[in-house]
Protein chains: 4
Amino acid sequence: MHHHRASLGLHPLAPLHDDHAKHERQDLFWSRVRTTLREPFAEFWGTLIMISFGNGSIAQVLLSTGQVSAPGGNGFGTYQSVNWGWGLGVMLGIYVAGDSGAYLNPAITFSNCLYRQLPWRRFPAYFIAQLLGGMVGSCIVYANYISAIDHYEGGHGIRTVPPAPKATAAIFATYPQPFVTKASQFFSEFIASAILMFVIFALKDRANMGMAKSDQWFPFMLLFLVFGMGSCFGWETGYSLNLARDFGPRLMSYGLGYGHEVWSAGGYYFWIPMVAPWFGCMFGGFLYDAFIYTGQSPVNAPFLGLSHFFHPRREVRAKLQAEKDLQMV
Amino acid sequence: MHHHRASLGLHPLAPLHDDHAKHERQDLFWSRVRTTLREPFAEFWGTLIMISFGNGSIAQVLLSTGQVSAPGGNGFGTYQSVNWGWGLGVMLGIYVAGDSGAYLNPAITFSNCLYRQLPWRRFPAYFIAQLLGGMVGSCIVYANYISAIDHYEGGHGIRTVPPAPKATAAIFATYPQPFVTKASQFFSEFIASAILMFVIFALKDRANMGMAKSDQWFPFMLLFLVFGMGSCFGWETGYSLNLARDFGPRLMSYGLGYGHEVWSAGGYYFWIPMVAPWFGCMFGGFLYDAFIYTGQSPVNAPFLGLSHFFHPRREVRAKLQAEKDLQMV
Amino acid sequence: MHHHRASLGLHPLAPLHDDHAKHERQDLFWSRVRTTLREPFAEFWGTLIMISFGNGSIAQVLLSTGQVSAPGGNGFGTYQSVNWGWGLGVMLGIYVAGDSGAYLNPAITFSNCLYRQLPWRRFPAYFIAQLLGGMVGSCIVYANYISAIDHYEGGHGIRTVPPAPKATAAIFATYPQPFVTKASQFFSEFIASAILMFVIFALKDRANMGMAKSDQWFPFMLLFLVFGMGSCFGWETGYSLNLARDFGPRLMSYGLGYGHEVWSAGGYYFWIPMVAPWFGCMFGGFLYDAFIYTGQSPVNAPFLGLSHFFHPRREVRAKLQAEKDLQMV
Amino acid sequence: MHHHRASLGLHPLAPLHDDHAKHERQDLFWSRVRTTLREPFAEFWGTLIMISFGNGSIAQVLLSTGQVSAPGGNGFGTYQSVNWGWGLGVMLGIYVAGDSGAYLNPAITFSNCLYRQLPWRRFPAYFIAQLLGGMVGSCIVYANYISAIDHYEGGHGIRTVPPAPKATAAIFATYPQPFVTKASQFFSEFIASAILMFVIFALKDRANMGMAKSDQWFPFMLLFLVFGMGSCFGWETGYSLNLARDFGPRLMSYGLGYGHEVWSAGGYYFWIPMVAPWFGCMFGGFLYDAFIYTGQSPVNAPFLGLSHFFHPRREVRAKLQAEKDLQMV
């Protein structure tokens, strides 16, 4: 098992609580599987919970728009409910996925590999787990709302994509506002991802003094950070900020019959939330490390870390050796 | 008294704080009663508080729909107020019912018996307390809003059930949207209960590392979990997720004159929130224990715990013995 | 100074932090005054802050109703903003008034005297401080919104009371919905006060186990408790629950020209929020102490404390002696 | 470097966490720069984050007003979203700027110099950092929403100022309601700043007993304090309360083509949020120190600190000497 974990870039010893170690039944097949895949399982379930609440909130608000029999007489939620839904989905997902680091986003995992010494070898397993979590989470929402979608679209099996007037594809993936140019689409996802990463690094920086912090506050603050993303930068492109949140459900919606428009809508918008978050998170993390972070970071090096490009092999070899010394790979 | 408590499956010693033990007047009849019934009383009052706020929020929002004299000109709340009302009702109910474990829901109590070694013998007393709490809580709301209900329904003593246009029965029990099929009704309550139980087990799992947790955060997180249930999975069937929340008030509304429709509405929908939450919570708890939980659980056993079915008597006898050793029954 | 404090029922030594004691300049007149009146000052400022935010939120939402130039096109807030305004007003008021116990409500002070050994002699000073805080707080709101009130009412100096169509008196004091009977008015204020007191006693009960608590959470939970009061029990009578919150601003609004209707409106409703909260808080406190509280309380006594009525003098003398031993009076 | 820091009024040793001190590369030019300017950098980034979320929330809500394709059918947010946006912007800005004290507001910095022994020499660097943070933050929002602004205003490069019907200048700076007199404008900003400062001093006062507090709660409480400012005192003048929040973005909007009206609108309103917050914060801080604060403050002195005016040179010399002893200047 240690060997399998090491091959995934995970620490040979799974993160198990002392009190529970005695219950671990390594004689059982399933217990061995889940100990081996502990962190990817955590990312999978955390992302699944995040997407269930997030996509679920859009489904409920969109499909019940204007319903007069609701208490209050105007549907079962507003756009703000969607902001709360994504915010609390991320927060609860982090609680579920505590054992893996709870990134729930490939671009954030990537930035942590780049700036915070998360082993690169873990990236593929986390990536796959997050993507699958996004797909399964959106499937749950689809299964839950299938009769309501039929009702809203106007018939059994009708599935349309924005800007069709009764489109429901936006429940799952994001679609941009019609007037936004391609450059603005990219910039919107880029800058929002940069702010996301910048603030997450601030919230995780134990050396950012003045305000005492603790892990107890981190998930709760993500609630407000993601709520703020949706309230302040969520209109133009739908604040995907995350390949697993957008591409996973989009692929699922394609498979379930929303048609080729899930790719072509908004001028083939679909690639922007696949690409922009990586650059945004990289940029946001760079800014935090360049201006505020004082810990170990490739940016805290000559020429703001650009020297790493000159001796890549030496850097990589040194890093791998350090990880091996810590038995992390 | 120890004997009476043991017969209810409660620990012979009631959970009393050391500082207060000296004030306990065991010479008084009432003090003996309430020490004996300490946990059921806690469940009763916690459920009562939860239902008071929850049903109260629906009453206020529904009955004041569209009232132009409100500040803001559009009623005294929106559907979101209902989400907050149930969320904070659960949170404050947990604070009130701290001494019993604060389940406030028979299906959650059931899952804790099944997966978390809560003695089965406690179940009946908790169940009755929760059901009574739901009934009395909804009575308080009815008494508070009786003149407003008369005013809204259009006359003294008129009481109607959805989909009647001025129905007020939905203040108390849940009624499904008209287009939802029976299978979707069941699935909606089932999957929402499963997510509820899954996340509660995550929030209660002290071995879920990475994010430090404490009991201080648990009630507050339930606020957002229940808010999220209402915002993301609350439209189709009203997110009962709880027999005590739905059947108790429904029975009360039947007794107060809402008529036979409280049972027949939505194609005799009433049995779904009585049945689905048990399966949902069982399934959600199973998933958490199978994939993430590493502590003592029947799932962490050969064949994912299915072996228990082959030797039920041996299992039951061993468990009872363990509880007796701990003086829990 | 000790003498003056004792005459107000305050502990001879003012609650001063050790780190600050050295800064106390008892040679200065004003320092002596404020040390003497430390707790009443705290109640005054806490109530003032509470009323400023609470009345301010009603003013903003009511006076801007339907304004299309607002972001979002529909006024500067909704009824929910009023719920948040009162909730956060109470929370911030508690932070300001920490040194006095932060009751901010005569009926809650009264219940604490009755059930929690707060010396009765403190009651008058607290009462006056709370009432003055309510009056001054509502004056600040009036001064801030005076030109907007003129604009909304339709002319300089016009001031009307509900149910006049452009009435602004409800910014300051509460007025009931027109269809609510006198009995329902009383019951609504009574039951809401009872729930308020019941939950506050639960949140303050350090022996309510199961859920760890701390003073850090108390003010924050009051935010949600008061938000819930407004969302779930706030429509029929305006959830005053507090003489200082209602009578103080009502008196102020009478003095500023709203006319005799501030007393006569709603069938001379004004006396209900002056009277019902005392009974409600007394009843809620009684229920908590009778069913859950295990500490020192007059209810935890033979015949649920009714025996105190038989020997009042003995009781009073014993209590006074105990307070004297603690140098509290 | 120590010399450069001292010349800015900063403590010779930058606030670096022990764990990170070893990573500080004083051989690198950039590391020396950012260690020297650590606190101003923190104020810059904190203010930038605050303004990004705050201005962003107004942009999203205003520009999407009434859009029917939104989930819920009525735009991407309401005025309440703006309140949350500013509240969480301040909270997250405080987390980012932890190392400087996180004032994010020149008037609050000023009050801390006046009442809380923050060295006056730090003021200019903080002031410039806050102003630049406000300007750059609003530039980010402008860049993000540029195509949406074109779309809303009705054409490429059209930029108008309230009360023009499609004005977008209010995204960046504040503009008063038309019916508010000059005196009311000033009073509104003055009283809201006073309440802001009063409550901040209460939340920062470790000697305010009764309610345990900690730095962990401070940023979160600012969320609600600022939300309350917007909900209760935010309508008449837009609750700037902060020169960096208002003048910085206003200057930016002037530079980007909104024209001379950014200064002349509202009867040359622009100077009020530049001036009133200083007096408001000074007054609010004075009230807190005069009535509640027991620590070291110029108010806790003969004649409420007015004696300082009689011997200014002596006072200044003594203070400077004390700061020098602590190596703070």
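Residue numbering restarts at 1 for every chain, and letters A, B, ... go by the order of the sequence lines.
Taking chain D as the reference chain and counting heavy-atom pairs below 4.5 Å, the highest number among C:V141, C:L63, C:N55, C:N74 is found for C:L63. Here D:S231 is the residue among D:S184, D:A170, D:S231 with the most heavy-atom pairs under 4.5 Å with chain C. Comparing C:Y145, C:F41, C:F44 by how many heavy-atom pairs each has under 4.5 Å with chain D, the most go to C:Y145. Interface summary for chain C: among D:G234, D:G77, D:A192, D:P165, the most heavy-atom pairs under 4.5 angstrom belong to D:G234. The candidate from D:W235, D:F201, D:Y79 with the greatest count of non-hydrogen atom pairs under 4.5 Å with chain C is D:W235. When C:G56, C:S81, C:S69, C:G89 are compared by the number of non-hydrogen pairs under 4.5 Å with chain D, C:G56 comes out ahead.
C:F53 and D:F233 have perpendicular rings, their planes meeting at more than 60° on a 0 to 90° scale where under 30° would count as parallel. Ring geometry for D:F179 against C:H151 counts as parallel: the plane angle stays under 30°, on a 0 to 90° scale with 60° as the upper cut. Under the 30°/60° scheme for interplanar angles, the aromatic rings of C:W84 and D:F224 are found to be tilted.
Side chains of C:F76 and D:Q80 form no contact here, defined as non-hydrogen atoms less than 4.5 Å apart. In this structure, D:I292 and C:R34 have side chains that are not in contact, with every pair of non-hydrogen atoms separated by 4.5 Å or more.
One distance of note links CG of C:L92 with CG of D:L203; it measures 6.5 Å at 0.5 Å rounding. The line from OH of C:Y95 to CD1 of D:I200 is 14.0 Å long, rounded to the nearest 0.5 Å.
Counting non-hydrogen atoms of other residues, nucleotides and ligands closer than 6.0 Å to CZ of C:F123 gives a total above 12.
Residues D:W217 and C:F220 bring their aromatic ring centres within 6.0 Å. For C:W30 and D:F291, the ring centers are positioned less than 6.0 Å apart.
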Report the C-alpha separation of C:W45 and D:F198 in whole Å, then their side-chain angles, then the decisive distance to 0.1 Å, and conclude whether the ring pair (Phe, Tyr, Trp, His ring centres under 6.0 Å) test is met.
-> CA-CA 10 Å; C:W45 285 103; D:F198 188 88; 4.9 Å; yes
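Both the backbone and the side chain of D:S188 come within less than 4.5 Å of a heavy atom of chain C. In this structure, chain C has a heavy atom under 4.5 Å from the side chain of D:I195, while its backbone stays farther away. Looking at D:Q60, neither its backbone nor its side chain comes within 4.5 Å of chain C, counting heavy atoms on both sides. Using a 4.5 Å cut-off between heavy atoms, D:L225 contacts chain C through both its backbone and its side chain. Contact of D:A290 with chain C is made through backbone and side chain together, with heavy-atom distances under 4.5 Å. With a 4.5 angstrom heavy-atom cutoff, C:I140 touches chain D via backbone and side-chain atoms both.
Considering all non-hydrogen atoms of both residues, C:G85 and D:C232 come closest at CA-SG, 4.1 Å. When all heavy atoms of D:V61 and C:G72 are compared, the closest pair comes out as CG1-N, 3.4 Å.
Here the side chain of C:N144 pairs no donor or acceptor atom with the backbone of D:I191 at under 3.5 angstrom.
C:S147 and D:T181 share no donor-acceptor pair across their side chains, judged by distance under 3.5 Å alone.
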